[in-house]
Amino acid sequence: MSLAPLMTLNKLKKRFPLGGGRSIKAVEDISLTVFQGEKLGVVGESGCGKSTLGRVILQLYRQTSGACVYYGKSLQEARPRYFAREVRKLPRYQRRADKAYQRSLQVEDQARAARAHMEEFSAQASHRETRAYNRWSRRADRQAFRALELRKQASRQLREGSRTVGSLILSKDLDQVQQLYTQALHQLTQAHQARRQLLRLGRLAPAYLPDSEKDMPEHRAAAELAQRRMNQAMDSARAALAQAEGMKHQNLLMLTERCGDPAYWQKLDNNQESGINLGKLSGRELRDVRRDLQMIFQDPAASLDPRQTVGRAIEEPFRIHTKLDKAARKARAVELLEIVGMKEEHHGYYPHQLSGGQKQRVGIARAIALHPRFVVLDESLSALDVSVQAQVLLLLNDLQAQFGLTYFFITHNLGVVKHFCDRVMVMYLGHICELAPAKPLFDRPLHPYTRSLLASVPVPQVPEFETDEAPLMGEVPSAVSPPGGCVFHPRCPDMIPICQAQRPPMVEAAPGHSVCCHLYTKDSLEEVAHEPGPAL
Amino acid sequence: MPGDLVLEVRDLKTSFQLHKQDYRVLHGVSFEVARHETLCVVGESGCGKSVMTLSIMGLLPENATVQAQSIRLDGQELTALSPRQMNKVRGRKMGMIFQEPMTCLNPLLTIGRQMTEGLKLHLGLGKEEARRVALETLKQVGVSNPEERLRQYPFQLSGGLRQRVMIAMVLSLNPRLLIADEPTTALDVTIQKQVLLLLRQLKHQLDAGVLFITHDLGVVAEIADRVIVLYAGVKVEEGGVRQIFEQPAHPYTIGLLAAVPNIKSEGYTLSPIPGTPPNIAQAIEGCRFHPRCGRATDICREQAPALRALAPGHSAACHHLEVRP
């Protein structure tokens, strides 16, 4: 497994509004990196947000906040329109950050004044003065809070700006930065046009190859010109970007007090997205990226049109995304059918003529038709019988090896996850509980929820002794009003007082093994390390 | 002891007429359920598990024909009963728990109304008395604040609670046979575990036998006393739960056990059974499993194997039982 990130989720949030100010908090603050070529399993009970997460990643639902950054295509290659828009908006971010910061300083002064005023009263103790004292004290608190909020707003603005240009958002001559970026974008567009022309020439004269000089010299000249133009444009775009990079950490504005800190510049630089922020793409651009991002659905019967033949269903992606002619499309469809273990004759079948396993194979063929990079499998095996399920798992394994796919494997079946996935993420009520490679997770689960989940899974072995106590009592609370603090605390067998008050942070309890639980935060980590988890 | 058998089914054959053609789903299945016993029926989708339970309950649609040498419930022959007499037995002497608790409860009626209906009808209880019994059974199945639940509508309950209500509804009539058709399939694992534990406790308390239908071998290991394995409408193996899991004899049972990813095993390799389960329209000569079987020889293609006893209570229908992988 290579360790290049393919997809990064950054504080991803999805809420479904219900009206009346209430909403279903389906996905809450999920931060995660999916690496290239890995099989990431996502498990949890129904309603934990795993399917929603899969759909938000593919932008079938738009996220409420947070970012979903895809690295399968570079920003220069895709040139999404939002990029130019963001470059235009840079001064606005800077201005707003500055404004918020200046305002926060004013408010802070007011708070200080209020506090001083308050002090005057503190010595006296008459009833009236106590009331005045309280009033001023409340006002001082309020102002202090507002100042804090304004500071946060300032750094939010800076963060938004830094997504595009990193720490250059602090630059004094932002105009020049903007110019350089716009120039680079312009050059990239030209390079793209030249490339398209080159491709067109190639299609017009398929015989055109460097060695076949005899025919169409004018084509050859045009192609060379296009090639040269493209190279030139690319070179100057790169130069512009490099120049912009060179301006980093020079002439910085002190927009907040943190701006003087090199660590903060580093942080802003880290924010810079080299991938594509899927949430900001327009519908058309998203459609282009969807070539790389595919989904295999749960119900194989419902995901096929009953009035469409298998062949037509598999050819549909080619009709939308490529310019292959009819014969070529059919040839590709038949090839795909063979890859997923079906026969040429199935090309003309209707879905009702196929068994459940075969329908799912058609779903898989359609998903891999365009050689995607990232595939979301949403309970794709749950509707299949066990004997067939194992066949499809083997097929998915083969395809992954063959095409270097990355799987985001959503399921409730822990047995499948254990034997199929490289890494596993356990979710509960929209939050990540635990994220670890499959083996440590099953050998030594850390989060109490993971433990009870594993203990609940029926195992095809006759138990040695009968227990009468369920490992987890109660039911999953509503996602409309999730419990405060740690969301699992009302059902947790190991609850400690802090769990009710505070949401636990994500801690790396062992290398690569992250857990979101107060039992493993710094203070208690030492004790727990000695205590082995229950043998499973 | 025949007196202890609550259900005895001999040679059950069910077929459906569709477009003037006969499709046989069950090809002569026989089994019995004793008191305080859980018999699990395992098989993949389309093997006839649900049709079997519905045949026993007499709930199949009109185009179905049920033929059986005998279906005896608590000593009473069901095949000879008129529909009217059947109505008295159904619910009263045998109760059924279905897979989808939401679709089996009437969304327009309160839980209380639905729970007392059977009590009034079958036991002739008065309103107050029926309510009291309903409360008691709700407590028995572990429903918290039952008084409030009786006033609620099904949509106000979670999946696990609905299934508990279904169980309570069946239990309140004190039936001799409890038929549970995939009762936990629609539930999450943690809730499934709670319901399975409840069913196991109830089995000891009640004077009834349980016929439990499932496709999940993990659930079988947890709840069954005896197991029968169905494949394409034929019983291919029957035995105690330990016999089935520790010494499976039929190649289908062996294949099924190997295909389930087990979270407790290490170094597991996926070993699917090749091919797909046949659909009922397909006519298969000889052993019905032979197209997918690694042991198949000529005799399998020609002759259907009979059940052969391997050990007390353990039998399998295969021509090549001596061959062990």
Between [options], the one whose heavy-atom pairs under 4.5 Å with chain A are most numerous:
options: B:G159, B:G255, B:P272; answer: B:P272
options: B:I273, B:I191, B:L217, B:T190; answer: B:T190
options: B:S144, B:P277, B:G218; answer: B:G218

request  = Decide if atom CZ of A:R22 counts as having more than 12 heavy atoms of other residues, nucleotides or ligands within a radius under 6.0 Å.
outcome  = no

inquiry  = Are more than 12 heavy atoms, taken from residues, nucleotides or ligands other than A:Q353, located less than 6.0 Å from that residue's CD atom?
reply    =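 Count over threshold, so yes.
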
inquiry  = With rounding to the nearest 0.5 angstrom, report the SG to NE2 distance, A:C517 to A:H447.
reply    = 4.5 Å

inquiry  = If I measure from the heavy atoms of chain B, does A:S46 come under 4.5 Å with its side chain, its backbone, both, or neither?
reply    = both

task = Measure A:Q358 against the heavy atoms of chain B and call it side chain, backbone, both or neither at under 4.5 Å.
result = neither

ask   = What orientation do A:Y449 and A:Y428 show, parallel under 30°, tilted 30 to 60°, or perpendicular over 60°?
value =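 Rings of A:Y449 and A:Y428: tilted, as their planes differ by 30° to 60°.
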
query = In terms of the angle between their ring planes, are B:Y252 and B:F289 parallel, tilted or perpendicular, with boundaries placed at 30° and 60°?
reply = perpendicular

ask   = Relative to chain B, which of A:V416, A:L384, A:V417 shows the most heavy atom pairs under 4.5 Å?
value = A:V416

task = Could you check which of A:P460, A:G44, A:G415 has the highest count of heavy-atom pairs closer than 4.5 Å to chain B?
result = A:P460

query = Does any heavy atom of chain A fall under 4.5 Å from the side chain of B:V220, the backbone, both, or neither of them?
reply = neither

request  = May I ask you to decide whether B:K193 forms a salt bridge with B:E222, counting only side-chain N to carboxylate O separations under 4.0 Å?
outcome  =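 Between B:E222 and B:K193 there is a salt bridge, with a charged N closer than 4.0 Å to a carboxylate O.
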
